[in-house]
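Below: the structure, in structure tokens.
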There are 2 protein chains.
Amino acid sequence: MNSIFGSPELLETLKEHMQLEQYAKGDIIENAGDVSKRLFFIKKGIIRVFYRTAGREICCHFAKENEILTGIDSFFTGKPTIYTSQALETTECYSLTKNNLDWVFDHVEGMDRYGRIFMIEAYSELVERYNSIVSMSAEERYEDFMNKHSDLLNRVPLGYISSYLGMKQETLSRIRSKQN
Amino acid sequence: MNSIFGSPELLETLKEHMQLEQYAKGDIIENAGDVSKRLFFIKKGIIRVFYRTAGREICCHFAKENEILTGIDSFFTGKPTIYTSQALETTECYSLTKNNLDWVFDHVEGMDRYGRIFMIEAYSELVERYNSIVSMSAEERYEDFMNKHSDLLNRVPLGYISSYLGMKQETLSRIRSKQN
DNA sequence: TGTCGTTTTTGATCTAGATCAAAAGAAACG
DNA sequence: CGTTTCTTTTGATCTAGATCAAAAACGACA
């Protein structure tokens with residue numbers, strides 16, 4: 001999800017069309033019901049994305065520095081999003097409006113290819129998560145998460161991680177203590 | 001996933017670049033480990049897509065007449081697929097090779113837009129399935145499935161549907177009998 | 001129309017993980 | 001610092017759904 005940062009020239013070109021935004025810990029960046037208007041390149045900090053269902057909040061994504069955040073369900077379709085995104089630390093990100101994105105797609109070489117790859121990567125990531133929840137135990141999912149995102153454990157409250165992993169906080173806590 | 005069939009002219013143009021293929025019940029169309037070379041427009045019949053993990057087969061998709069089937073993980077990336085697709089009835093489909101698809105993208109008006117929408121639809125569908133498995137009970141998932149795909153129940157063995165829904169066949173059978 | 005293989009149902013039991021409740025630890029803030 | 005609030009852990013209990021096993025139902029085909 002971060003290959004664009006591998007191309008410094010492209011990033012520089014993009015930055016000319018982006019605004020730098022600052023969020024404090026706890027700030028809501030976009031709210032459920034909004035139409036997502038911006039795509040974010042996160043410079044520093046961490047954001048959780050969640051939605052509400054059956055009274056609970058379910059966290060479906062964490063995005064941190066050097067990653068891209070956008071509401072795929074809303075940004076590309078123009079429909080209101082069901083997701084809320086919130087800064088979990090002091091967070092800085094470059095934002096790109098949809099208009100500017102369209103301009104970029106028209107004028108910046110390699111951007112359309114990047115867009116397609118972005119979608120395929122997002123899709124593949126989701127497939128993996130789906131499979132993990134269908135075919136792995138809570139303990140295996142935790143280990144898998146640790147292998148991929150161990151850094152998040154110290155930056156994100158346990159309750160958010162447990163809902164991301166599809167289990168209760170108590171269960172995650174017990175799994176952790178079992179492994180010492 | 002089937003909006004292309006809503007445009008008869010586009011479909012006609014595409015057909016000139018496609019081959020009609022026939023499969024008997026039980027035939028394997030593409031096997032895990034293959035590199036997916038074709039995109040299919042299903043004319044008639046039904047296909048299940050599954051993968052193997054921890055000794056089990058998990059069904060992740062059904063595709064039927066007027067729908068499109070392709071291994072997104074493989075067709076667009078060129079990597080071997082983990083999925084096997086199998087005809088569950090006598091099935092006819094138009095197939096389009098990757099070379100021909102590239103030609104079509106270059107020469108057929110509206111095709112690139114369709115491609116992007118296809119990806120977004122596929123993504124949204126997966127998001128929904130993910131959410132259903134995280135936040136719904138087995139019974140609710142079954143009801144949800146019935147609302148969307150009740151026709152499949154008579155065409156597809158129960159065991160495939162139960163693995164698609166992330167539950168055991170016995171559980172699905174009990175849920176069904178409970179509802180009479 | 002009976003036999004064999006496949007698919008579905010039913011029954012008994014077990015278990016991972018949920019739920020409810022409360023204690024223990026950290027962090028924020030006057 | 002001490003108090004208050006948020007986060008994590010621990011304990012006791014409960015339950016949806018898995019597992020194992022076998023019977024019943026269905027379908028294809030000789």
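For B:Asp34, the side-chain hydrogen bond (donor to acceptor under 3.5 Å, both in side chains) criterion is met by no residue, not counting sequence neighbours. For B:Ser36, the side-chain hydrogen bond (donor to acceptor under 3.5 Å, both in side chains) test picks out B:Glu30, with sequence neighbours left out. Under the side-chain hydrogen bond (donor to acceptor under 3.5 Å, both in side chains) criterion, A:Thr91 pairs with no residue, sequence neighbours left out. Partners of B:Ser162 by side-chain hydrogen bond (donor to acceptor under 3.5 Å, both in side chains), not counting sequence neighbours: none found. Residues passing the side chain to side chain contact (heavy atoms under 4.5 Å, CB included) test with A:Val156, sequence neighbours excluded: A:Ile46, A:Phe62, A:Leu88, A:Leu152, A:Tyr160, A:Ile161.
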Base-contact (B) and sugar-phosphate-only (S) positions in nucleotides 6-14 of chain C, heavy-atom cut-off under 4.0 Å, - elsewhere
--BBBBB--
In B/S/- notation (B base, S sugar-phosphate only, - none; protein heavy atoms under 4.0 Å), nucleotides 24-30 of chain D written 5' to 3' is -------
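Below 30°, between 30° and 60°, or above 60°: for A:Tyr164 and A:His149 the angle between ring planes is above 60°, a perpendicular geometry.
Summarising the geometry, the separation between CD1 on A:Ile58 and P on C:dA18 is reported as 12 Å, rounded to the nearest angstrom. Taking atom CG on A:Leu165 and atom P on C:dA18, their separation rounds to 11 Å, with Å as the unit. Between the CE atom of A:Met167 and the P atom of C:dA18 there is a distance of 8 Å, given to the nearest Å. One can place CG of A:Asn154 at 11 Å from P of C:dA27, the figure rounded to the nearest angstrom.
Put simply, the side chain of A:Arg141 reaches to within 4.5 Å of the side chain of A:Met167, judged on heavy atoms.
Contacts between residues 132-140 of chain A and DNA chain D, counted as heavy-atom distances below 4.0 Å, involve no residue at all.
No donor-acceptor distance shorter than 3.5 angstrom exists from the side chain of A:Thr81 to the backbone of A:Ala32, with no hydrogens or angles considered. For the pair A:Gln86 (side chain) and A:Gly26 (backbone), a donor-acceptor distance under 3.5 Å is present.
Under the salt bridge (charged side-chain N to carboxylate O under 4.0 Å, His left out) criterion, the residue pairs touching residues 78-90 of chain B are B:Glu89-B:Arg155, with sequence neighbours excluded. Applying the ring-ring contact (aromatic ring centres under 6.0 Å, His included) definition to pairs two or more places apart or across chains, those involving residues 12-36 of chain B are B:His17-B:Trp103. Evaluation of the side-chain hydrogen bond (donor to acceptor under 3.5 Å, both in side chains) test over residues 166-175 of chain B, restricted to residues two or more places apart or in two chains, returns none.
One axis for each end of the helix from C:dT1-D:dA30 to C:dG30-D:dC1, each built from five base pairs, and the angle between them comes to 40° at 10° resolution.
Here the closest heavy-atom approach between residue B:Cys93 and residue B:Phe40 is recorded as SG-CD2, 3.7 Å.
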